[in-house]
Amino acid sequence: MELPNAFTAASKSPANVGLVPSEESSGDRRRLGHISKQGNSLLRYLLVEAAQVTVRSQRHWRSKFFHLGMRRGRKIAKVAMARKLAVHLYWMWRQNLDYGQFEKLGSHAGEPGNRHGGE
């Protein structure tokens, strides 16, 4: 299956959905603000909802969520988990894997140097 131009890189996938912080930079000063909210708002909403379900059902996602929630707050942790889910979904789509195959390969599936394969 051919990927749309908007999703040709994993780093751009969350940006196209609006799950990355907006940035205001001037000289050496870099300020990261609220999420950019670009892209489809329904998709962003569904990713956040799916991330909340994943946090409730997967132990390792839950521990990452609570760790980040203690440091940065629950709202930021929700968006961070949705962003992480968007990247995972991108890689599953790119490599034509289902969730079971993706979990078996691990979170670094497709990266150079992964001994379990990839591209």
Could you pull out every donor-acceptor pair under 3.5 Å between side chains of residues 39-48 and any protein atom, sequence neighbours left out?
unit_1	atom_1	unit_2	atom_2	d
Asn40	OD1	Leu42	N	2.8
Asn40	OD1	Leu43	N	3.4
Arg44	NH1	Val17	O	2.6
Arg44	NH1	Gln38	O	3.1

Which pairs of donor and acceptor atoms, one on a side chain in residues 58-75, lie under 3.5 Å apart (sequence neighbours left out)?
unit_1	atom_1	unit_2	atom_2	d
Gln58	NE2	Tyr99	OH	3.4
Arg62	NE	Val55	O	3.2
Arg62	NH2	Arg56	O	3.0
Ser63	OG	His60	O	3.0

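Taken together through direct or relayed side-chain contacts under 4.5 Å among Ile, Leu, Val, Met, Phe, Trp and Tyr, Leu89 and Val79 form part of one hydrophobic cluster.
Arg30 pairs by the salt bridge (Lys or Arg N to Asp or Glu O under 4.0 Å) definition with Glu23, not counting sequence neighbours.
For the atom pair OG1 of Thr54 and CD of Glu49, the computed distance is 11.0 Å after rounding to the nearest 0.5 Å.
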